[in-house]
Trainee: 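Following this message is one structure expressed as structure tokens.
Just the heavy atoms: all of them, side chains too, but no hydrogens, waters or symmetry mates, feed the values below. Model, not experiment: these values are computed from the prediction.
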Amino acid sequence: MKVLVIGASGYLGRAVGRVLAADGHRIIELSRGGKACHGAAVMGDVNSPGLGLSAETLGELGDIEVVVCCFGSVNMGADPAGVVNVHVNGTRNVMDFAASVDSVRRVVYVSSVLALGRASGSITNRDLSRGQTFRNWYEYAKYRGELIARRERRVPVSILRLGTLLGSAPSEVIPRHGGPVSVLPHVLSGLPVPLENCGRFPVYAADVDIAAAVIRDLVVSAEHRSACTYFDPERPTLAAVLERLCRPWGVLPRVVDSFGPTWMQRALTRRFGVEEEVMDYARPLFEFDPSIFDSLPNPDITSKSDYIMETGVALRDSGVLRSPSALGELRPAVLAALPSAGMGVLR
């Protein structure tokens with residue numbers, strides 16, 4: 001099978017290309033840099049109509065059967081116009097392109113559980129628009145992109161919502177903006193991070209290699225699935241994720257049990273020097289219906305390794321994150337600012 005992977009140079013895109021190539025599929029890897037890891041390279045841009053491809057290149061892609069969309073980086077503090085443009089116009093351009101190629105029989109579109117924003121209640125694969133608000137422009141952009149994909153009628157689209165991706169990879173492709181990884185420099189220095197209930201709630205982490213395998217299963221499935229969701233079925237808490245990320249450095253993260261209204265928590269966040277975009281997720285997100293995994297093509301979605309700790313190992317070994325000078329010790333000025341009660345150590 002000939003598969004076009006859009007965003008092939010990114011964290012997930014590389015994993016998808018590797019899994020598909022290992023199964024013997026012909027991979028066309030589209031990225032703005034035009035470099036390939038597992039197949040033939042194509043330089044293109046989802047922000048451009050026709051993906052910015054020349055007539056000659058379009059001719060070479062005339063026999064692709066599946067388009068996999070993995071484009072768009074995770075950056076909660078990104079420029080609003082840029083992040084909305086890439087996910088809204090980018091999704092439209094991809095759908096237009098897929099619909100224009102007669103051989104394409106399916107698009108696998110990667111979305112995010114964050115497209116649900118501040119939705120409440122029990123979430124199923126059918127749910128998207130629930131009158132929710134959004135914490136940042138990234139969530140809104142993912143919502144708009146998924147909405148476009150759901151409304152596409154010219155070509156079948158399988159939507160896969162993913163949780164926060166973690167797992168071993170070259171350090172330069174591991175996202176460090178948004179998600180638990182972005183707070184690592186802070187907690188590795190020994191400074192506390194305020195989380196509701198000391199972070200004892202699911203963060204919906206996802207093993208990037210299992211996510212790639214799920215995408216592979218959607219690519220080859222004989223049965224069309226309109227919407228699926230994948231995250232680690234063990235539902236590790238935010239506290240557990242931070243602990244396992246920091247373990248390669250021999251650091252036990254320190255957490256302050258946040259309390260009070262949102263404005264008070266933000267003031268506490270600024271006092272500790274944590275980015276506000278990170279602290280948007282210091283409270284529980286939402287609850288998923290127990291049947292959320294029933295639409296997946298393959299029920300075997302259990303991670304085979306400690307993908308969370310492997311992420312920390314990759315970052316540590318790369319030297320991207322420096323070892324703290326005083327492991328596990330709080331700075332005296334910050335320690336003095338902590339309340340006498342509510343100090344939590346991750347278990």
Side-chain angles (χ1 to χ4, degrees), residues 9-16 18 73-77 112-114 162-195 198-213 230-256 272-275 277-282 285 301-331 344-347:
S9 62
Y11 190 34
L12 177 62
R14 286 194 183 201
V16 170
R18 181 174 64 252
S73 60
V74 180
N75 191 342
M76 309 306 177
S112 168
V113 298
L114 296 182
L162 295 175
T164 299
L165 293 176
L166 296 168
S168 180
S171 60
E172 65 271 15
V173 300
I174 297 176
R176 295 194 294 277
H177 300 285
V181 171
S182 59
V183 80
L184 267 182
H186 185 88
V187 296
L188 287 176
S189 68
L191 292 171
V193 58
L195 301 174
C198 289
R200 298 185 186 97
F201 51 82
V203 71
Y204 301 116
D207 183 341
V208 67
D209 288 334
I210 302 299
Y230 165 69
F231 48 81
D232 189 342
E234 294 186 1
R235 290 175 167 82
T237 65
L238 180 53
V241 169
L242 288 176
E243 188 275 326
R244 285 153 69 180
L245 280 174
C246 292
R247 194 178 296 173
W249 284 272
V251 174
L252 184 66
R254 299 173 184 263
V255 170
V256 175
F272 291 155
V274 184
E275 297 178 7
E277 290 81 6
V278 174
M279 298 315 301
D280 282 337
Y281 302 97
L285 295 175
I301 56 172
T302 303
S303 299
K304 306 301 188 294
S305 63
D306 190 343
Y307 64 99
I308 300 173
M309 190 173 71
E310 288 177 353
T311 310
V313 170
L315 292 171
R316 182 203 61 189
D317 293 349
S318 70
V320 172
L321 298 179
R322 294 181 301 170
S323 298
S325 57
L327 298 180
E329 293 184 4
L330 293 173
R331 295 177 184 175
V345 178
L346 303 189
R347 299 298 183 187

Trainee: Only counting residues at least two apart or in another chain, list the ones meeting side chain to side chain contact (heavy atoms under 4.5 Å, CB included) with Pro175.
Mentor: Tyr11

Trainee: If every non-hydrogen atom of Leu162 is compared with every non-hydrogen atom of Ala211, which pair is closest and at what distance?
Mentor: CD2-CB, 3.9 Å

Trainee: Could you check Val183 against Leu242 for side chain to side chain contact (heavy atoms under 4.5 Å, CB included), going step by step and ending with a plain yes or no?
Mentor: CA-CA 9 Å; Val183 80; Leu242 288 176; 3.5 Å; yes

Trainee: Please enumerate all residues that pass side chain to side chain contact (heavy atoms under 4.5 Å, CB included) together with Pro170, with sequence neighbours excluded.
Mentor: Arg14, Glu172, Val173

Trainee: Would a 4.5 Å heavy-atom cut-off, applied to side chains only, mark Thr311 and Val181 as touching?
Mentor: yes

Trainee: Any chance you could lay out the side chain to side chain contact (heavy atoms under 4.5 Å, CB included) test for Asp232 and Asp207, step after step, and finish with the verdict?
Mentor: CA-CA 7 Å; Asp232 189 342; Asp207 183 341; over 6 Å; no

Trainee: Got a sec, which residues hit side chain to side chain contact (heavy atoms under 4.5 Å, CB included) with Ala205, two or more places apart in sequence or on another chain?
Mentor: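 Once residues adjacent in sequence are excluded, the partners of Ala205 under the side chain to side chain contact (heavy atoms under 4.5 Å, CB included) criterion are Leu166, Val203, Pro236, Val241, Tyr307.
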
Trainee: Just by modelled atom types, is the Val193 backbone N or O under 3.5 Å from a matching donor or acceptor in the His186 side chain?
Mentor: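 A pair under 3.5 Å: no.
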
Trainee: Return the set of residues passing ring pair (Phe, Tyr, Trp, His ring centres under 6.0 Å) with Tyr230 (not counting sequence neighbours), or none when no residue passes.
Mentor: none

Trainee: Is the closest side-chain heavy-atom distance between Val251 and Val187 below 4.5 Å?
Mentor: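 In short, these two side chains do not touch, never coming nearer than 4.5 Å.
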
Trainee: Does the side chain to side chain contact (heavy atoms under 4.5 Å, CB included) test come out yes or no for Leu238 and Leu195, once each step is laid out?
Mentor: CA-CA 9 Å; Leu238 180 53; Leu195 301 174; 3.8 Å; yes

Trainee: Side chains of Leu252 and Glu243: does their closest heavy-atom pair fall under 4.5 Å?
Mentor: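 Side chain of Leu252 against side chain of Glu243, heavy atoms only: contact under 4.5 Å found.
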
Trainee: Would a distance-only check, ignoring hydrogens and angles, find a side-chain to backbone donor-acceptor pair under 3.5 Å from Ser112 to Leu114?
Mentor: yes

Trainee: Of all the heavy-atom pairs spanning Val16 and Ala212, show the shortest one and how long it is.
Mentor: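 Looking at all heavy atoms of both residues, the shortest contact is N-CB, 3.7 Å.
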
Trainee: Is a donor on one side and an acceptor on the other found under 3.5 Å between the side chain of Arg316 and the backbone of Pro248?
Mentor: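 A pair under 3.5 Å: yes.
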
Trainee: Within the structure provided, determine whether Cys246 and Leu184 are in side-chain contact (heavy-atom separation under 4.5 Å).
Mentor: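 A side-chain contact exists here, since the closest heavy-atom pair is under 4.5 Å.
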
Trainee: If the condition is side chain to side chain contact (heavy atoms under 4.5 Å, CB included), which residues does Ser171 pass it with, not counting sequence neighbours?
Mentor: Leu315, Ser318, Val320

Trainee: Could you work out, with side chain to side chain donor-acceptor pair (under 3.5 Å) as the rule, every residue matching Asp306, not counting sequence neighbours?
Mentor: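 Applying side chain to side chain donor-acceptor pair (under 3.5 Å) to Asp306 gives Arg244.
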
Trainee: Salt bridge check, Arg18 against Asp209: does any charged N sit closer than 4.0 Å to a carboxylate O?
Mentor: yes

Trainee: Please enumerate all residues that pass side chain to side chain donor-acceptor pair (under 3.5 Å) together with Ser168, with sequence neighbours excluded.
Mentor: none

